[in-house]
K.L.:
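Take this structure, written in C-alpha cells, and hold onto it; I'll ask about it next.
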Amino acid sequence: MTQVTYELRNNIAVLQLSSPPVNSLGLSMRQAIMSNFQKALADENVDAIVLASSGSIFCGGADISEFDGDLAFASPNLSELCDFVEGTNKLVIAAINGMALGGGCELTLACDYRIADKKAKIGLPEVQLGILPGAGGTQRMPRLAGAPLALEMISSGKPVAAQKLLEAKAIDRLALEDEALLEAAVNYAEELVADDAPLRNCADMAVDISDLPEDYFFEFRRKTSARTQGFYAPEQCIQAVEAACALPLAEGIAFEANLFRDCMETPQARAQQHLFFSERAATKIPGIQSKTLIRPINRVAVIGSGTMGGGIAMNFINAGIETVVLDLNAEALERGIATIRRNYEISAKKGRFTQAQVDSCLSLLKSTTEYSDISDVDLVIEAVFERMDIKQQVFKTLDEVCKPGAILATNTSTLDVNEIAAVTSRPEAVVGTHFFSPANVMRLLEIVRAEKTADDVLMTTIKLAQKIKKVPVVSGVCWGFIGNRMIEPYGRETARLILEGASPAQIDQALTDFGLAMGFPSMADLAGIDVSYLIRQENAEACYPRDPHYAAILDKLYELGRYGQKSGRGFYIYEGRDKREDPEVMTLAADLANELGIKQRAITDQEIVERTMYVLINEGAQILDEGIAYRSGDIDIVYCNGYGFPIFKGGPMQFADEIGLDKILAALNGYRQSLGDYGEEWFKPAPLLERLVEQNKSFKDYQ
Ligand code: 3HC
C-alpha cells in the first residue's frame with residue numbers, strides 16, 4: 001500500500017502522508033518519505049516540496065509499536081530522516097492539519113517553513129510515554145519557539161494550538177478561514193519560491209537565552225516537582241532543553257539521542273507505553289464487532305441528586321448533552337442542583353470555564369421530581385443509595401416509564417447487575433456504570449457487562465464514556481467488579497500488617513515511596529472507616545469471612561467511633577488540615593495481636609510493599625482467570641485511573657510482569673509458609689499465576 005503519495009503541481013512537489021489512522025512513522029513510512037523526497041530533489045522542475053497529509057491529522061509521531069524491538073532505530077531512523085529533510089537544498093514547507101505529535105511534530109520542525117490549519121494542535125507528548133523527543137525536537141523546538149514554551153511543551157507533553165506557535169514564530173502562517181490547507185500550502189510554496197526565500201536550518205540558529213533568568217531551569221524544576229515526582233523522563237526533558245541552550249545543534253542532537261536511548265530502556269517507558277496501548281485495547285470487546293451500530297444518545301436522565309448523581313450529570317452537560325436530574329425529594333433536588341451550579345461558579349472563578357461555557361452547560365441542565373418527565377430519554381443512569389432493594393425498585397419504575405430502546409444504567413460499585421436487570425422486562429437494556437468519586441473529575445469508568453446486556457448497549461456505553469472524556473474499562477459481574485474486588489485483599493493485608501507491628505504511618509510511607517497516591521490507612525480515613533465497615537457487614541456472606549483476624553483493627557476503630565477524617569480520628573488524628581500519628585492505634589493493635597495470638601515484630605518496608613501489592617496482583621490474576629477482566633491491561637487501566645496506582649509502574653499487572661511472575665509466585669509462597677495459618681489461608685497463589693509461571697509467560701501474554 002502506498003504510504004506517501006507524490007504529485008506535481010507546477011513547480012511544487014506535494015508529498016502526502018497517507019497511512020491511516022494516524023500516519024505513524026514506522027520504518028516503511030520513513031523509507032517512503034525518504035524516497036519521495038529523493039524523487040523530488042532529483043527532479044529539476046521541482047523548486048519546492050510541500051509535506052502534507054491526506055488524512056484527518058498530519059501525523060501521530062513515531063510508531064510506538066516499534067519501540068519494543070530494534071525497528072525504531074533501523075535506518076533511516078526518525079532522527080536521520082529529520083536531519084535529511086533539514087539538509088535538503090530545496091525549500092520544504094510543512095502543511096499541518098489536525099495534529100502533529102511527537103516525531104510528526106519533529107518532522108515539521110526540520111522543514112524550512114510551516115503553515116498550519118487554524119484548528120491544528122502541535123505537541124511533543126513523548127514524556128507521557130516515559131521518553132523524550134528523540135528526533136531533534138528538544139533541540140529544534142527551543143530554537144524556533146523559544147526555551148520557555150519548548151520546555152513547557154516537552155516536559156508536560158501537552159499539545160498547544162497552532163496559533164500559539166504562530167505567535168512564538170515557530171509557525172509561519174495559518175491557513176485562512178475556509179481555505180483548504182493544501183491549496184494554501186502550495187500557494188505559500190509558490191510565493192516563497194517567487195520571493196527567493198532562504199532555506200532555513202536550525203544549525204544556524206541559537207536559542208535566545210537573553211531573557212532567561214539565571215535560575216530559570218532550577219525554578220522550573222522546583223515548580224514542576226510535584227507533578228513529576230517519581231517519573232524519570234521529565235528530568236531528561238529538562239536536561240535536553242538546557243543542552244539546547246548551550247550546545248550547537250549537532251552536539252545537542254547527540255546529547256538528546258543518548259538521553260532518548262537511556263529512557264527507552266527504562267521500566268517506566270515500558271509501563272507508560274503499555275498504558276497507551278491498554279487504554280485503546282480496553283474499548284475493544286472480544287466477540288463484538290467494533291463497527292456495531294451504536295444507539296444515539298441525545299438526552300440523558302440521572303436518578304438521584306446527591307454528590308454522585310450531580311457529578312455524573314455534570315459529565316453529560318459538559319459534553320453538550322441535555323440532562324435531567326430526577327429526585328423524588330424536592331428539597332434534596334433543589335440542594336443538588338444548587339451544588340452543581342456552585343461547582344460551575346467555582347470553576348469559572350478558577351478560570352477552568354468561561355462564563356459563556358458555564359451558561360451553555362447550565363442551559364442543558366434540567367430537573368424534575370416526576371418519572372413521567374424522563375419517558376423520552378435515551379439513557380438513564382440510576383445513582384441512588386447502594387442497596388439492592390432500593391435500586392431494584394428504581395429499575396421496576398424505569399422499566400415502566402422509559403421508552404423502548406432506552407439504555408438503563410446502574411451506578412453501582414459492588415452490587416450484582418444481573419439481579420438488578422432481572423426485575424425489568426428488558427435485561428438486555430441494562431448495564432452497570434461505576435463512576436468514581438468525584439464523578440466529574442475522575443477519569444475512570446468501569447462499565448459492567450451483565451449476562452444479558454446487549455452488544456450494542458455495551459458498545460454505546462463505551463463510546464459515550466469516551467464522549468464524556470472518561471477512560472472506559474469493561475468488567476464482568478462479581479462483587480466489587482475489577483477495582484473494588486482487588487482493593488479488598490489489599491486492605492485486609494494492611495490491617496493485618498498493623499496487627500503484626502507496622503504503624504499506619506510506616507505503611508503509608510512505604511506505599512507512597514512505592515508511588516501510590518496514598519497508602520491504605522490514609523485512604524481508609526478519607527473514604528470513611530464506617531463505610532468500609534458497613535460494606536464488610538453487608539457483604540459478609542458473599543466475600544468476607546467470619547474470621548476474628550480479618551480486618552480486626554478496622555472493626556476496632558469503627559467500634560470506637562473513629563471513622564477517619566470525618567470524625568477527626570481514625571488511623572490518624574486530624575486537626576483542621578493537619579494530621580498526626582496516633583500512638584493509641586498501636587496500643588489497640590498490640591492488644592488485638594495479644595488476644596489473637598499474633599506475635600508482633602519489626603516489619604520492613606519491603607515486606608509491606610510485597611505483601612500488599614502481591615495479594616493485589618494475585619487477586620488480579622484470579623479476576624483474569626474468571627474472565628471478569630478481558631486483559632491484564634484492563635486491570636492496569638482501572639488501577640492507574642481510579643486507584644492512584646503510579647502510572648510510571650504501568651498498573652499492578654504490568655508491574656508484576658516487569659518483576660517476573662516467577663518472583664511474585666515465589667514471594668507469595670514464601671509468605672504462605674512464614675505466616676503460618678494466616679499465610680496458608682490468604683497467600684495461596686492464583687492458579688493462573690502458577691500456570692503462567694509453568695509456561696514461562698507473563699500476564700501480557702494471557703488474552
Ligand atoms: N504509534 C503507533 N500506533 C498509534 C500511534 C503511534 N504513534 N498513535 C496512534 N496509534 C494507533 C492507536 O493505538 C490506535 O490503534 P487501534 O485502532 O489499533 O487501537 C489507532 O492508532 C488510533 O488511535 P486513537 O484511538 O488514539 O485515535 P484518536 O483519533 O483518538 O487519537 C492521536 C489520535 C491524538 C494521534 C492519538 O492516537 C495519540 O495521542 N497518539 C500518540 C501520540 C504520541 O504519543 N506520539 C509520540 C510518539 S513517540 C515519538 O514520536 C518518538 C519520537 O520523538 C522519536
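Counting from 1, the numbers follow the sequence of the chain as shown. The shown structure was predicted, so the numbers you read here are calculated from the model rather than taken from an experiment. In each ligand, atom 1 is the first atom listed, and ligand 1 is the first ligand listed.
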K.L.:
Yes or no on side-chain contact (heavy atoms from CB on, under 4.5 Å) for D634 and V474, after CA distance, side-chain angles and deciding distance?
P.N.:
CA-CA 8 Å; D634 291 359; V474 175; 5.9 Å; no

K.L.:
Starting from the C-alpha separation in whole Å, work towards a yes-or-no answer on side-chain contact (heavy atoms from CB on, under 4.5 Å) for I482 and V473.
P.N.:
CA-CA 9 Å; I482 296 172; V473 175; 4.0 Å; yes

K.L.:
Tell me the residues surrounding ligand 1, counting only those with a heavy atom closer than 4.0 angstrom, sorted by chain and number.
P.N.:
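Lining ligand 1: P21, V22, S24, I57, G60, G61, A62, D63, I64, F67, L78, M99, L101, G102, G103, E106, P125, E126, L129, P133, G134, F260, F276, F277, R280, K284.
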
K.L.:
Which heavy atom in L78 sits nearest to a heavy atom in A62, and how many Å separate them?
P.N.:
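The pair with the smallest heavy-atom distance is CD1-CB, 3.7 Å.
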
K.L.:
Here's one to test your reading of the geometry: is the NZ or CZ of R280 within 45 degrees of the ring axis of F276 and under 6.0 Å from its centre?
P.N.:
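Here R280 passes the 6.0 Å and 45° test against F276.
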
K.L.:
Tell me, please, which residues at least two apart from A168 pass side-chain contact (heavy atoms from CB on, under 4.5 Å).
P.N.:
A145, L149

K.L.:
Between E152 and K223 (salt bridge meaning N to carboxylate O under 4.0 Å), is one present in this structure?
P.N.:
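Here E152 does not pair with K223 in a salt bridge, since their nearest N and O are not under 4.0 Å apart.
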
